[in-house]
Amino acid sequence: MKKIEAIIKPFKLEEVKDALSQIGIEGMTVSEVKGFGRQKGHTEIYRGSEYKVDFLPKIKIEIVLPDGRVEGAVAAIVSSAKTGKIGDGKVFVSDVEEIVRIRTEEKGDAAI
Amino acid sequence: MKKIEAIIKPFKLEEVKDALSQIGIEGMTVSEVKGFGRQKGHTEIYRGSEYKVDFLPKIKIEIVLPDGRVEGAVAAIVSSAKTGKIGDGKVFVSDVEEIVRIRTEEKGDAAI
Amino acid sequence: MKKIEAIIKPFKLEEVKDALSQIGIEGMTVSEVKGFGRQKGHTEIYRGSEYKVDFLPKIKIEIVLPDGRVEGAVAAIVSSAKTGKIGDGKVFVSDVEEIVRIRTEEKGDAAI
Amino acid sequence: MKKSLLILLLTASLGASLTATAGDPPSVKRAEPSLEQRVADLEAYVNNGQRGADAISSTVSSKLGRYDEKYNTFTPNPGPGPNAWQMTSAALVLFMTLPGVALFYGGLVRRKNVLSVMAQCLLIAGLVSILWYCCGYSLVFHKGNAVLGSLDFAFLNNVESSPNTDYSCWVSQNVFAMYQLMFAIITPALIIGAIAERMKFSAVFLFTILWMFVVYFPQAHMVWGIDGLMNGVWNPSAKIHAIDFAGGTVVHMTSGWSALILCLILGKRLGFGKENLSPHSMTYCMIGTGMLWVGWYGFNAGSAVASDVIAANAFTATTLATAVASFVWPMAEWLFRGKPSVLGFCSGVVAGLVVITPACGFVTPGGAVIIGVLAGLIPWFFCYKVKGWFGYDDALDTFGIHAVGGTMGALLTGILARNAANGNLATNLKSFVTDTPLQPLVVEQLKAIGLTLVLAVAGTTVIAYIVKALIGLRPTVEVETIGLDLAEHGEEGYHA
Amino acid sequence: MKKSLLILLLTASLGASLTATAGDPPSVKRAEPSLEQRVADLEAYVNNGQRGADAISSTVSSKLGRYDEKYNTFTPNPGPGPNAWQMTSAALVLFMTLPGVALFYGGLVRRKNVLSVMAQCLLIAGLVSILWYCCGYSLVFHKGNAVLGSLDFAFLNNVESSPNTDYSCWVSQNVFAMYQLMFAIITPALIIGAIAERMKFSAVFLFTILWMFVVYFPQAHMVWGIDGLMNGVWNPSAKIHAIDFAGGTVVHMTSGWSALILCLILGKRLGFGKENLSPHSMTYCMIGTGMLWVGWYGFNAGSAVASDVIAANAFTATTLATAVASFVWPMAEWLFRGKPSVLGFCSGVVAGLVVITPACGFVTPGGAVIIGVLAGLIPWFFCYKVKGWFGYDDALDTFGIHAVGGTMGALLTGILARNAANGNLATNLKSFVTDTPLQPLVVEQLKAIGLTLVLAVAGTTVIAYIVKALIGLRPTVEVETIGLDLAEHGEEGYHA
Amino acid sequence: MKKSLLILLLTASLGASLTATAGDPPSVKRAEPSLEQRVADLEAYVNNGQRGADAISSTVSSKLGRYDEKYNTFTPNPGPGPNAWQMTSAALVLFMTLPGVALFYGGLVRRKNVLSVMAQCLLIAGLVSILWYCCGYSLVFHKGNAVLGSLDFAFLNNVESSPNTDYSCWVSQNVFAMYQLMFAIITPALIIGAIAERMKFSAVFLFTILWMFVVYFPQAHMVWGIDGLMNGVWNPSAKIHAIDFAGGTVVHMTSGWSALILCLILGKRLGFGKENLSPHSMTYCMIGTGMLWVGWYGFNAGSAVASDVIAANAFTATTLATAVASFVWPMAEWLFRGKPSVLGFCSGVVAGLVVITPACGFVTPGGAVIIGVLAGLIPWFFCYKVKGWFGYDDALDTFGIHAVGGTMGALLTGILARNAANGNLATNLKSFVTDTPLQPLVVEQLKAIGLTLVLAVAGTTVIAYIVKALIGLRPTVEVETIGLDLAEHGEEGYHA
Ligand SMILES: Nc1ncnc2c1ncn2[C@@H]1O[C@H](COP(=O)(O)OP(=O)(O)O)[C@@H](O)[C@H]1O
Ligand SMILES: Nc1ncnc2c1ncn2[C@@H]1O[C@H](COP(=O)(O)OP(=O)(O)O)[C@@H](O)[C@H]1O
Ligand SMILES: Nc1ncnc2c1ncn2[C@@H]1O[C@H](COP(=O)(O)OP(=O)(O)O)[C@@H](O)[C@H]1O
């Protein structure tokens, strides 16, 4: 099993969720994060003092999946999250060893 | 070393924490996330417009552990977080290669 | 490719970010978490009722990096985040299998 | 079910009330006022005195009103100054509930229940207004028997823009009725503090209706009705010669003691004593506190029903007692707990306001300062210590502040009332107010405290069990866990 | 560009206004008042009547003012009570916008747009004040023709602390001007609700300027100007014998209908119907609601421009209608949707306030209660059902509440106005107010409704397209996505 | 330690004050007023004039008060209109601090320090009230020498509900005392803005006590005391013939300049210039701004101590200047920075209010508009540019707005005061107010500015170093990092 972590622009969340639903992915966990990267933040001037706002709001999506579904999911995320402008974000894939569904105590792929 | 990530219902946090304490696990990192899964959200009607609230508030717990303690910890989480109702959440286990305790620069199991 | 996850004290974020910038690391994702560990929380008394605040605010930094840069990054984080007092936090390193930059669809090290 | 109960109660209340027998007006037509009398009437306006024509037996008319020769009735006009002040005061007292109490209490609950507190405040505002319009005002302020008024002012019938000289010579009666409505609203709203986060909305609804009839209307009539049992200042034939300027017994004792009973019957919040139930927004609590203080000037100084010397005294006493209590409470905290908290400051403010309420129109500045010091210490002790000893879950300390504060305020009023502060004490209470700490008034105040306490405790116990039997008091555990906002109102306080 | 347009409009407006021809004062010098006349003047003060000297043809002076023998002019003094009430009322009406509406609307938008709402409210306050000072007050309240005043009070020239007896005998004219300014501010601020989250700040700026000249100033003059076309109460030669106590047509119909048009021309918010656009802070909305209710007493009772019997009536009617509507709306929700929401309570409050506005000084308590019930049901139906059917994006329901409420309020005022509630109806409207539901006044009200509707709809359509052509109405998609706060004001509502 | 210091200071202050020598009342008994005199007294009420009996040498009594034949003393009654307005105004000024300033400043700090700001505002309210009761009111408003009053009103002794005709013929003296207390509260509360987020609570405590005695009480007596050194309007023997209607020097200059000194001595916040210190809630700041504007009507128009023509003028001037400044500041921002921010609007509002404060009772509408324009530009320039050049950490711009605004307000008052706006200028200032921009009054204003500046700067420097030596000014780095809320008050502003 694999875990996909995707960092995306906040306003793309609905689109990404829909794209994933369409390929049958119905479980995911989402959190609000701040991103720092090539996309530069804005400058706020607060009554004469200038502050650089480096960290930009991003959304992190975590999905755990059977190995076979990873490629499709990554493709769905990339195509739905893309705007072509800097700061679109990243997708990371890593390995997961075990999954348990708390409710049923099922394990492995059955738990997804 | 392994990392356990558990997605649970928010009001179960105290119970899970206590269950983990009891088996001697005293370090963890917790964050607020939104979950999307089989459990369906509610519908809010805002003066005539209907909105589906898909994402439900969940808590994510992250614990890094020596390999040998994983099984006990997962069991403790599952039993304390279970309500038997849909949406109870998941536990994911994955591999961690290295750990450093910032304060002492200790590494590996000693750093946990 | 590796992922570094660092849990640090909130007021150290700027310093850590600067230390990482100095060694050329310009991408990272940051989130607010609550930590539970050796460092003990404070007690709040709310009109006669005493509450133990166990969870302390921490910052989690996630950085994905080519394998070769991990050591330097960990060292930079540790030295900049350290206060020597309990609760300074941890650094975890784990493996990442694939990376995609959403904007360009570049993969692997090129996507970082 | 609810309906029939209501009707029952209504009829019961009414049965108890006598028919008001207005004294017959004199049959002789009234004379035009002389120039001298006209000037005297104008002076009466400035001095907040009576027009010559105000007495029912008067044989003269006044230019400051309308004389209907046919029916030989004189309808006085209100005066611009007192009417302005009374409208301002009424708006200020409404401000205390909406959004004052809503913020004060709303800030102290957890995020998931903030809207439930607000919904309850809003519900009470609407509901009580309707009751007040239908019969509440009449049951309290129309003449009746010593315990309850009559129904002759029901639906605000005959409650018009001219003053009802039983209560004020220069304030429109309809404005007075609206002003008093704001008191009738805030009183049950205070109870919310004790039962926050764990009472069903429908139960709050039913409870409020019953409580108004069983506790508030009788109590308010007894204390403020011109023929009330405990209206020591204005009713020469009052059984209990007690005084209560702006509602120490009527508002704070009734709500505070009822709150205690209701929270005991209701039981503790889930997680009480285990989870962190700390305020989701101390800042809201502080904003609400500021609004309460500001609005309370309408409550206290407005209770003079004139912008005269007595209102001025009430304004001054209120400021002093509140400021002192707001200082003493956090200092006690600083001493005994190590840190002065914003909640401590806010609690001190409210405690000061509560304790000075019955006294403000009757005490000197020095008396107000004494009250302020005690208001900062005694409720503080109850909230920090006594509550812990007994372990009841008075969620936001309605008991600790309003019941304790209202009760001690009533007592202190007995001890500190002085003729120098309020000339009216010399009328019907000459033998009770002797300007000494142990003047006979103290005993009368104790009687009033006892009666109020019994009414509130017994009334609430009965009502609470009725509501429990009929529709239940508490939501399910799941609802309480999710939070009342989402479960009972389908919305959340905040969205990202 | 903007400038030339403005000048054009200004000139156009002015062209339309006649020169005011003040009646020549009598050439005989005025006599000193006799003692009897002096007492009568004092009585006039208490009764909110006219001094003997107030009539322009009077041959007597008054001690309650200053007589300039040289120019043979009498300058009346204001009275302390009415002036106190009017200043209080003006402050209360300002409170309705800052921070009332800013919170009510600001809480209902998403987090990323909260400051844009606040900025728009603040902008309107400053901008409209400047217009009002330059010419607005003059165009509305100086005599002119039936549609627009003149420029003789421009820059508040001759608007001083003595009363303008066309509008009040005892309130300073400058205070009256400031009081009316607060109405001129809140009216365009209400429009913001419909166009929230998606209109360029610069477009709001330009739109507001044009709208004041094209819609507000004429409408206000027609309804409230002493020689206005629809001023049924005070202008005996009004073409339309309509009444509007505190702004059902002037404030709520104009803003509400304009809001509908503007939001149609503007189009829906991005994500409307798909994304969750729910309020980022229902608590702010509730706080704003409380402030609106409190402040509205200045709006409604202050519109008596005296703290007299009529103000008292307005105060009472406002309280009753609002409280009833605040109760009915959420009960309707409870019945039809399953849960009473805080938004429902708040909507009920505002709907009640809106609908009673034109009526409050003219209806009895019973009438006010009827209005409250309808105010809780009809706008509710529009917001919950009709909006859904048509699918326009009236973001915060300015149309559903203010247009619908203002319109039904104007109509109900026609049906429920009673001589018993307001003696002034017997002066110029004797034949229109016959104390029956279908009295002739109803037809006049319908005429006024029609005219107002046409002015608001036509005016706004033209202005909106002009603004669109000149500078565009909507921000870019990116700006709308990021949020107006950051994109247009460079700041965020909240920081951790 | 603190105690002995306090006593020292108190004694010092007292030593300086002369014993008040009240003129002996005439030994002849007073006659009953004639009907004509009675009517004149009533007219005096409406016109805000003196009763015949008010003069100490008068040989007649009045029905609008009480004559004590035994002691041959006449105690005047207050009037209902002015008393209503003064109570309303006092409540409004309290509203400015609680929760006005608490929100305005509290919103601008970081989340972790919001409660510390609120705690400081609350502390000051309680503390200053106690000082005011004990001796503050007496030191300011009892007659004494030119610099400080006496102790004869200590503990509000003899401060009763009858007016003190030195300050108002128709407002109760105790209400006046409470009204002035609200000024004494808000002034030190303004200083908080400069030292926010980094001053120990105990240091704020001690500093405030000392500052009241060293700076506020003398300054207020000099400007407003009937025998004050700079009371140009009412004290014919004032050394400096300056005017300050509602506190440009007393409130804004003292607080603003003291704030600068204190923030310099205190040093910059940790992270200043590096970390993002932006406001945790611009929405709170905006809410606070709205409340400040609304409350300021009590501050400015209330300073007439009557609801008369002068109050009306003050109300009007305040509205115009504030509205204009609220518009000009963000427009300057828009031009020079690219975006008009909500903070810009709010800053403009406050700057307008500050600058018009000393002038509002003395200038025409045109003058107010000029003041508004300058108030929008000059403090803006100081906050955006000058602060950057010098690099001091005036956290929330108390100096930039209150010191700069108060100073320019005092100067502009000198330039723009006109007899047309305030007839009282013709009494003692006939030769100073010549209705030209360079009238002699300007020089007097400059003298007053100089003296105030010296008092504030020198006083604060000394006090700050005393406090630093005794208990230290700043918390530890760790406390400042964690935030003052948790560290000093044991609570957090918000909980999830
Ligand atoms: N090396 C990295 N490790 C973790 N997160 C990263 C890394 N690089 C970028 N990110 C995340 O991806 C977001 C977008 O990256 P950025 O460099 O701004 O643009 P782009 O993805 O278009 O190259 C960042 O805001 C950050 O949250
Ligand atoms: N494939 C997945 N990847 C990541 N998180 C998941 C996944 N499936 C479920 N979750 C998380 O687990 C939570 C519970 O899942 P859900 O399907 O609603 O119920 P259950 O766990 O009882 O099957 C979800 O809200 C989501 O946060
Ligand atoms: N086993 C663990 N798994 C995950 N996070 C941990 C673990 N132990 C500690 N942490 C995180 O590191 C933070 C610091 O740990 P703590 O034990 O308090 O101090 P220290 O790092 O100095 O030993 C904790 O607040 C928590 O967020």
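Letters go in sequence order (proteins before strands), and every chain restarts at 1. Below, each value reflects all heavy atoms present in this structure, side chains not excepted, and no hydrogens, waters or symmetry copies.
Rounded to the nearest 0.5 Å, atoms OH (Tyr284(D)) and OH (Tyr494(F)) are 8.0 Å apart. Rounding to the nearest 0.5 Å gives a distance of 5.0 Å between CD1 of Ile130(F) and CZ of Phe327(D).
Judged by distance alone, with hydrogens and angles left aside, the side-chain atoms of Asn77(F) form no donor-acceptor pair with the main-chain N or O of Val46(D) at under 3.5 Å. Counting only distance, with no hydrogens or angles, the side chain of His489(F) and the backbone of Val342(D) share no donor-acceptor pair below 3.5 Å.
Residue Leu42(F) touches chain D through its side chain alone, counting heavy-atom pairs closer than 4.5 Å. Residue Leu103(F) touches chain D through its side chain alone, counting heavy-atom pairs closer than 4.5 Å. Residue contact with chain D, scored on non-hydrogen atoms closer than 4.5 Å, involves the side chain of Met178(F) exclusively.
In this pair, Tyr45(F) and Tyr45(D) present their aromatic rings perpendicular. The plane angle is above 60°, beyond the 30 to 60° band. Using the six-membered ring where Trp is involved, Phe205(F) and Trp334(D) have ring planes that are tilted, between 30° and 60° apart. Classification of the Phe345(D)-Phe201(F) ring pair by plane angle, with boundaries at 30° and 60°, yields perpendicular.
With chain F as the partner, the residue from Ala301(D), Pro365(D), Cys346(D), Ser326(D) showing the most heavy-atom pairs under 4.5 Å is Pro365(D). Ranked by non-hydrogen atom pairs under 4.5 Å with chain F, the options Thr322(D), Val39(D), Val324(D), Leu35(D) are led by Val39(D).
Each of Val114(F), Leu122(F), Val117(F), Leu115(F) was scored for a side-chain contact (heavy atoms from CB on, under 4.5 Å) with Met286(D), with one residue passing: Leu122(F).
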- Could you go through the side-chain contact (heavy atoms from CB on, under 4.5 Å) check for Leu94(F) and Tyr297(D) one step at a time? CA-CA 11 Å; Leu94(F) 177 64; Tyr297(D) 287 118; 3.8 Å; yes
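A salt bridge is defined here as a Lys NZ or Arg NE, NH1 or NH2 lying under 4.0 Å from an Asp or Glu carboxylate O, and Lys339(D) with Glu491(F) fails to meet this definition.
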